[in-house]
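To start, the structure under review is shown below, and the notes come after it.
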Amino acid sequence: MTAPDIDRRERGRDAFADIMTFPAPEDSTPVTEYLLDYVFADIWQRPGLTRRDRRFITLPCVAAADAEAPLRDHTYAALNSGDVSIVEMQEMVLHFAVYGGWPKASRFNMVVDEQWERIHRERGLPVPPAEPLLPLTTPSDPDERLAAGEQSFKDVNCLPSAPTRDNPFQGAGILNFVFGEMWLRPGLGMKQRRIVTVACVAFQDAPYPILSHVYGALKSRDLSFDEMDELVLHFAAHYGWPKALNLNQVVAEQKQRVTEEWAAETRGTP
């Protein structure tokens, strides 16, 4: 191993310890070596996204991959570092449940509880009481709630219209809960919800949701073009290059679409 290689490996070990809040693995398998040299010494250090932003890409990926050790380790690291609060983590689990699936979210939720208890045990502290769930900040009147869901759908997706209320999936699910409740909850910021959603629709191979949520994130300017590119690269490292290549193609198409729309808006043309 050359001097530059040794230096990069040490930078990877230091970065791993800083990000994960525990020492880097000692084995010399190719997977571990490239994990340190590339994923931690390079990708996690890139300036396009903050370390905190990268947590919101990594966690959905490891939760969806059914990877027990990475899920535990990244949940622990995000909470132990203070990059993600317990309220944000719990809101992420709920958001992941909608876009990544409730069964996988159930396991994710259990791991969050386990690692939160572990952190306090290691610090010799009691686990603080949970934040109260009620009252909800969203409307309780059914018609007002659906109207709020319709407006939220349009705002999030940057579209002029919302789905109709004429079936359970759209009315009770999409409008009443997903957009009438979840996207409006205060425990997680809009940028973080965008990041989690794009990661989820990318690994779900859902053609229209990938298009619509990449478009919405860019058109709203909640994510810049450069931030979206970094999201794709980080996603590739933590979920796989084939799905990331598909996401990358969608991102390129939606960048072009958004750029053309912004130009038309500047000219004042429809």
Side-chain angles (χ1 to χ4, degrees), residues 18-22 43-44 48-65 67 70-102 104-123 125-138 152 155-156 177-203 213 216-217 220-224 227-228 230-231 234-235 237-239:
D18 181 53
I19 293 163
M20 302 304 293
T21 73
F22 57 84
I43 290 179
W44 275 87
L49 289 171
T50 66
R51 187 176 78 172
R52 169 177 155 81
D53 289 337
R54 293 179 186 278
R55 302 283 192 192
F56 290 97
I57 307 167
T58 307
L59 284 160
C61 288
V62 294
L71 176 57
R72 289 194 304 270
D73 290 348
H74 280 286
T75 299
Y76 174 84
L79 292 170
N80 196 41
S81 65
D83 287 344
V84 180
S85 72
I86 186 60
V87 171
E88 290 174 320
M89 184 69 79
Q90 291 167 338
E91 286 293 326
M92 189 192 327
V93 172
L94 176 61
H95 202 99
F96 174 86
V98 168
Y99 288 101
W102 291 88
K104 290 178 185 287
S106 177
R107 180 58 187 151
F108 190 3
N109 192 59
M110 291 174 63
V111 170
V112 168
D113 289 345
E114 292 166 358
Q115 298 308 308
W116 188 234
E117 191 279 332
R118 172 191 169 189
I119 288 166
H120 286 81
R121 184 174 67 250
E122 290 176 348
R123 297 176 182 179
L125 298 171
V127 177
E131 294 287 324
L133 294 176
L134 298 173
L136 296 176
T137 59
T138 47
S152 174
D155 292 342
V156 169
F177 176 65
V178 177
F179 290 93
E181 166 65 24
M182 188 196 69
W183 276 91
L184 299 176
R185 289 176 61 83
L188 196 60
M190 179 58 74
K191 180 179 182 180
Q192 287 70 47
R193 290 191 185 278
R194 296 283 195 190
I195 291 172
V196 172
T197 305
V198 171
C200 288
V201 294
F203 62 63
H213 283 290
S220 65
R221 292 185 167 88
D222 288 329
L223 288 175
S224 70
E227 286 174 324
M228 186 65 81
E230 284 297 321
L231 188 160
H234 198 95
F235 175 87
H238 291 279
Y239 202 83

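Note: hydrogens, waters and symmetry copies are ignored here, and every other heavy atom, side chains too, is used.
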Distance (rounded to the nearest 0.5 Å) between [X] [atom1] and [Y] [atom2]:
X	Y	atom1	atom2	result
Met190	Leu223	CE	CG	11.0 Å
Thr58	Ile195	OG1	CD1	10.5 Å
Thr50	Asp83	OG1	CG	8.0 Å
Phe56	Leu231	CZ	CG	12.5 Å

query = Would you call the rings of Tyr99 and Trp183 parallel, tilted or perpendicular if under 30° counts as parallel and over 60° as perpendicular?
reply = perpendicular
query = Would you call the rings of Tyr239 and Phe235 parallel, tilted or perpendicular, where under 30° means parallel and over 60° means perpendicular?
reply = parallel
Donor-acceptor check, side chain of [X] to backbone of [Y], threshold 3.5 angstrom: yes or no?
X	Y	answer
Lys104	Ala63	no
Ser106	Trp102	no
Arg194	Val156	yes

ask   = Do Met228 and Val198 pass the side-chain contact (heavy atoms from CB on, under 4.5 Å) test, and can you show the C-alpha distance, the side-chain angles, and the key distance before you say yes or no?
value = CA-CA 9 Å; Met228 186 65 81; Val198 171; 4.3 Å; yes
ask   = Ion pair present between Glu122 and Arg118, side-chain N to carboxylate O less than 4.0 angstrom?
value = yes
inquiry  = Taking the basic N atoms (NZ, or NE/NH1/NH2) and the acidic carboxylate oxygens, is any pair closer than 4.0 Å for Lys191 and Asp53?
reply    = yes
Flag the pair [X] / [Y] as yes when at least one side-chain heavy-atom distance between them is below 4.5 Å, and no otherwise.
X	Y	value
Met20	Tyr76	no
Thr137	Leu184	no
Arg51	Asp18	yes
Ile43	Glu230	no
Phe179	Asp155	no
Arg55	Leu79	no
His238	Ile57	no
Gln192	His95	no

Grab the two heavy atoms, one from [X] and one from [Y], that are nearest each other, plus how far apart they are.
X	Y	result
Ser220	Ala217	OG-O, 3.1 Å
Leu71	Val62	CA-CG2, 3.8 Å
Gly180	Thr138	O-CG2, 3.4 Å
Val196	Met92	CG2-CG, 3.9 Å
Pro60	Cys200	CB-SG, 4.2 Å
Arg193	Glu91	NH2-OE1, 3.1 Å

task = Name all residues meeting the salt bridge (Lys or Arg N to Asp or Glu O under 4.0 Å) criterion together with Arg52; count only those two or more places apart in sequence or in a different chain, and write none if there are none.
result = Glu88
task = Check the pair Thr75 / Phe108 against side-chain contact (heavy atoms from CB on, under 4.5 Å), numbers first and verdict last.
result = CA-CA 9 Å; Thr75 299; Phe108 190 3; 3.8 Å; yes
